[in-house]
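Read the structure below first, then the notes.
To find a chain, count down the sequence lines: A is the first, B the second, and so on, and within it residues start at 1. Side-chain atoms are counted along with the backbone in the values below, which use heavy atoms only and exclude waters and symmetry mates.
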There are 2 protein chains.
Amino acid sequence: MITKNKQLSSGLEDYLETIYIAHIKKQPLKGAELARQLNISRASVSEALSKLVAKKLIKYDSYKEISITEEGKEQAIKIYNKHNALKHFFEEIIGVEKKEAEENACKIEHIISQNVFDKISDFTQFCRENPEIINKYKKLK
Amino acid sequence: MITKNKQLSSGLEDYLETIYIAHIKKQPLKGAELARQLNISRASVSEALSKLVAKKLIKYDSYKEISITEEGKEQAIKIYNKHNALKHFFEEIIGVEKKEAEENACKIEHIISQNVFDKISDFTQFCRENPEIINKYKKLK
DNA sequence: ACAAATTGTTAGGTTTGCCTTACACTCATG
DNA sequence: CATGAGTGTAAGGCAAACCTAACAATTTGT
C-alpha cells in the first residue's frame, strides 16, 4: 500500500495556485481555461486535476467549474504568500523590475523553506517601517 | 543538426559546481567520489559526465581525475557565486541558520536570474557597510 | 604479479510531466 | 433540437534523470 504524498510538485503547486487565484477573483475556471492560462495542453491539465482531486485539494466534475477545498486553500495560500513576499522583497527592497520580480518569485516560491520565507517577510516589513534604509540604499544606485 | 544547448539543468549545474569546488580545494576527484558526494549512483554520474564532456565544460578519461575547462570554470563560478551570495544574505542579513541557509541556497542558485542575484549581492554589501541596520533589525527579534 | 577493491559502463527499468492525436461528451445557439 | 464549438480524456509517445544489476577495466596492496 502506497501512502499518498502530501508534498506537491512545482507543477501541481502552479495548478493549485492558479485555481486559488481564480477562486479569490471569483472567476469561474474550467480545465480548458486553466490550460490556456498555464500554457499547457488540456490533456496534461486533465491528468493534473485528477491528482489534485485524489489529494482532496480541489473538487472537480467534468464540464463543471473547478472548486478548491479548505485543505486546498490552506496549501494554496502558503504558496501564494511566498510568491507575494518574494515579489515584494524583490521589487520594494532590492529594486528589481516588476516583470523580473514576478518571474523569479514564480520559480522560487516552490522551493524556498517556510522559515526563510518568514524571515524575508519580516525583513521586508522592517524595511517598510524604516524607510530611510531603502532611501539611503537607492541613493547609492 | 541539433545545436547544443548552453543552458544547464539543475542537475548538471550541481555536478559542475561540485567539480569546481574540488578543483579549488585541489582535491582529486573521480566519478565514484563525485557519486558519493552527491549521493547519486555511479551509473548516473557516468552519464552526466559524458554530457559535461560533450559540452566541453570538463575533461575526463575513465579512471583518471576529472578536470574542469576554462569554459566550465566560468559557468561554475557563476553558480558558485550565486550560491554564496544567497547563503550570505540568508545568514548575515535575515538571520537564517547555517544549515538552512545552505539548503535554500543550493536550490535557489539554479533558478534565480543573474540580475536578481546581482541586486541581492549589492544589498548585502550595503548592509555590511551599514551595520547599524542589521543591529537594529536583530534587536527587534 | 596477482587477487581484491575500486571504478566505470551498459542495459534495462521507473517515474514524472509533458506532448499529440483522436475521439467522446456537453453546451449553446440558430 | 441539431449541429458546431468547446471541453475532457484515453492512448501512446518522448525526454530527462534517476535507479539496479551485471560486467568490464583499472588500480592497489601484499
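- Electrostatic pairing of K99(A) and E102(A) does not count as a salt bridge here, judged by no charged N lying under 4.0 Å from a carboxylate O.
- Distances shorter than 4.0 Å separate none of the side-chain N or O atoms of R42(A) from OP1 or OP2 on dT20(C).
- Dashed line: the shortest gap from a side-chain N or O of K30(B) to OP1 or OP2 of dT26(D) is not under 4.0 Å.
- Backbone-only engagement by N39(B) is indicated by non-hydrogen atom pairs under 4.0 Å involving sugar-phosphate atoms exclusively.
- Straight-line distance from the CG atom of L34(B) to the C1' atom of dG8(C): 13 Å, rounded to whole Å.
- L38(A) and L16(A) fall within a single hydrophobic cluster, where Ile, Leu, Val, Met, Phe, Trp and Tyr are joined by side-chain heavy atoms under 4.5 Å apart, directly or via other members.
- Within the 4.0 Å cut-off from OP1 or OP2 of dT7(C), not a single side-chain nitrogen or oxygen of S46(B) is found.
- A straight line from CG of D61(A) to C1' of dT9(D) spans 15 Å, rounded to a whole angstrom.
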(request) Please assess E65(B) against K30(B) for the test salt bridge (charged side-chain N to carboxylate O under 4.0 Å, His left out), listing each intermediate value before the final yes or no. (result) CA-CA 5 Å; E65(B) 286 166 23; K30(B) 292 184 182 180; over 6 Å; no
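- When each of S50(A) and A48(B) is assigned the nucleotide of DNA chain D bearing its nearest heavy atom, the one mapping closer to the 5' terminus is S50(A).
- Y60(A) has no side-chain polar atom (N or O) that falls below the 4.0 Å cut-off from OP1 or OP2 of dT7(D).
- In this structure, L29(A) atom CG and dG8(D) atom C1' are separated by 14 Å, rounded to whole Å.
- As judged by a 4.0 angstrom heavy-atom cut-off over every strand, I40(A) is placed among residues touching the sugar-phosphate backbone only.
- Note on K98(A) versus E91(A): no salt bridge recorded, every NZ/NE/NH1/NH2 to OD/OE distance being 4.0 Å or above.
- One atom, CG of L52(B), and another, P of dA17(D), lie 11 Å apart when rounded to the nearest Å.
- In this entry the distance linking CD1 of I58(B) with P of dG8(C) reads 11 Å, nearest Å.
- Across all strands, E47(B) comes closer than 4.0 Å to base atoms (heavy-atom distances).
- Rounded to an integer number of Å, the gap from CD of E65(B) to P of dT6(C) is 17 Å.
- An OP1 or OP2 oxygen of dC18(C) is reached within less than 4.0 angstrom by no side-chain nitrogen or oxygen of S44(A).
- Taking 4.0 angstrom as the limit, S9(B) places a side-chain polar atom (N or O) nearer than this to OP1 or OP2 of dA17(D).
- Note on Y63(A): every side-chain N or O is 4.0 Å or more away from OP1 and OP2 of dA28(C).
- Between the P atom of dT7(C) and the CG atom of L49(B) lies a distance of 14 Å, rounded to the nearest Å.
- A43(A) comes within 4.0 angstrom of a base, heavy atoms only.
- In terms of phosphate contacts, S41(A) brings a side-chain nitrogen or oxygen within less than 4.0 Å of OP1 or OP2 of dC19(C).
- Contact annotation: K64(A) side-chain N/O to dT26(C) OP1/OP2 distance is not under 4.0 Å.
- Just one of L52(B), L12(B), I68(B), I19(B) meets the side chain to side chain contact (heavy atoms under 4.5 Å, CB included) condition when paired with L57(B); it is L52(B).
- At a threshold of 4.0 angstrom between heavy atoms, the contacts of G11(B) with the nucleic acid are absent.
- E33(B) places its CD atom 10 Å from the P atom of dG8(C), with the value rounded to the nearest Å.
- Taking the centre of each ring, F89(B) and F89(A) come in below the 6.0 Å mark.
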